[in-house]
Number of protein chains: 2
Amino acid sequence: MAKVKTRDRILKTSLALFNQEGEAQVSTVEIAGVLDISPGNLYYHFKGKEAIIVALFAEFEEELRQVLSAPIQRPLQIDDNWVFVYIVFEEINDFRFFYYNLTGILERCPELRPRFARLLRLKEETANAILSSLEQEGYLTFAAGERDGLAARIAAHLTFWLQFEALRQGDRGARDVINDGVYAIMMQIAPYFTDGKTAFAELLRDYFASQSR
Amino acid sequence: MAKVKTRDRILKTSLALFNQEGEAQVSTVEIAGVLDISPGNLYYHFKGKEAIIVALFAEFEEELRQVLSAPIQRPLQIDDNWVFVYIVFEEINDFRFFYYNLTGILERCPELRPRFARLLRLKEETANAILSSLEQEGYLTFAAGERDGLAARIAAHLTFWLQFEALRQGDRGARDVINDGVYAIMMQIAPYFTDGKTAFAELLRDYFASQSR
DNA sequence: GTCTATAAATGGATAGAC
DNA sequence: GTCTATCCATTTATAGAC
């Protein structure tokens, strides 16, 4: 099997260290040390820490963009929606270092700011598309403005839920936190179910069935 | 009039700089430079940047704690609740640097972690107390678990809304962002109004009347 | 591609004079 | 209380050998 490229090893290790300790706390020397390569070698592959961050963001952007685009292009099956939300949470969790110290990172890598803003908007559009399709199929009913507001709140929830939970009680596993995050979104949609409790109860059952794999 | 103490000037300037540029981007040398005092002088008053951060947090904690405790001790008048939410947002906005790079700050000032977690819990308890009093007065109706879930989401919303908006579109005034944040909370509570749209419409009108001072 | 060695810059921190 | 001067540690970044 082919040897893993040093460039990729740098990215992988940097991501792990950033997620663990926070990007600001990790120096290029430390990254090189963990990889057992010289700082000079690291600088041969990346001009500096900023370059590493930008490269990691490109990965994140690519993956999240793919995930978020799917439901816009073609409506999901009704109970696939919860799985979808779950996947978004996992993707964000994999690159969570980015959400800590966002101000600092965007300050030092200004080119990422518009790209990050675009991802947020895409989250919101996707949420809106999903709600829309559920509305058209008769599951949900919205008054004027309610759907847009809900979509915005869901986008914010997707973005910051993991951080909120990490602050409230830092000792929980990622799986549990994500499950609670998905559940909270379901609770937030529940009031808009057309036929009240019945349809919601069904979805709830399907969700717990699907996630106990 | 008495001359403003250097200690207080340091705190005030540090807060301003931290909010503007992010705590990680501001050095003690820079703070001293802006204040036109020597680094040595700064170190006479504070052992280092951590000490400044801890002192600023103490201010924040004190103020927010007072604000959040009021509705728990005694229910507010029905339309004071929106004003209350507004005040919480403003308080958070004044110390927003803290919410950027939270990971980094809590890493370096571990004693703040439990205190910060306690503030989050207090936010949630306060939201719950307000919802509870509205429920008892007959304005709101909750099924089992709905009130707790809503309170948690409101706490998260209070904590991260400003950051979310700053990322989505960074060029808006704090006032507008806060108004939208309050409105989003109202929208989130709306589905639980007992008599549907009427009571909510009234509150909406009162809110816009009260905030156009 | 990778290493060693080292430069250059920055930021944190202290001693001692005023 | 405040300043000057200085030191130490860390980090980024580069030059040149292998």
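We name chains A, B, ... by the order of the sequence lines, and we start the count at 1 in each one. Values below: all heavy atoms of this structure, side chains included; hydrogens, waters and symmetry mates excluded.
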Rounded to the nearest Å, what distance is computed from the [atom1] atom of residue [X] to the [atom2] atom of nucleotide [N]?
X	N	atom1	atom2	answer
B:Q25	C:dG11	CD	C1'	14 Å
B:I37	D:dG1	CD1	P	12 Å
A:E30	D:dT10	CD	C1'	12 Å
B:L35	D:dT2	CG	P	11 Å
A:F46	D:dT14	CZ	P	16 Å
A:K47	D:dT11	NZ	C1'	18 Å
A:I52	D:dT11	CD1	C1'	13 Å
A:I10	D:dT12	CD1	P	14 Å

- Could you go through the salt bridge (charged side-chain N to carboxylate O under 4.0 Å, His left out) check for A:E62 and A:R65 one step at a time? CA-CA 5 Å; A:E62 159 102 26; A:R65 192 167 276 282; over 6 Å; no
- Task: Determine the minimum heavy-atom distance between B:L119 and B:L68, stating which atoms define it.
- Result: O-CD1, 4.2 Å
- Correct closest heavy-atom pair for B:A55 and B:R7 would be CB-NH2, 4.3 Å
[N] phosphate, OP1 or OP2, under 4.0 Å from [X] side-chain N/O:
X	N	result
A:N41	C:dG1	no
A:S38	C:dT4	no
B:T6	D:dT2	yes

- A:G48 near the nucleic acid: base, sugar-phosphate alone, or nothing, with a heavy-atom cut-off under 4.0 Å? sugar-phosphate
- Query: Which sits closer to the 5' end of DNA chain C, B:Y43 or A:Y44, going by the nucleotide each is nearest to?
  - Reply: A:Y44
- Message: Looking only at the side chains, is there a donor atom on one of A:Y86 and A:R175 sitting less than 3.5 Å from an acceptor on the other?
- Response: yes
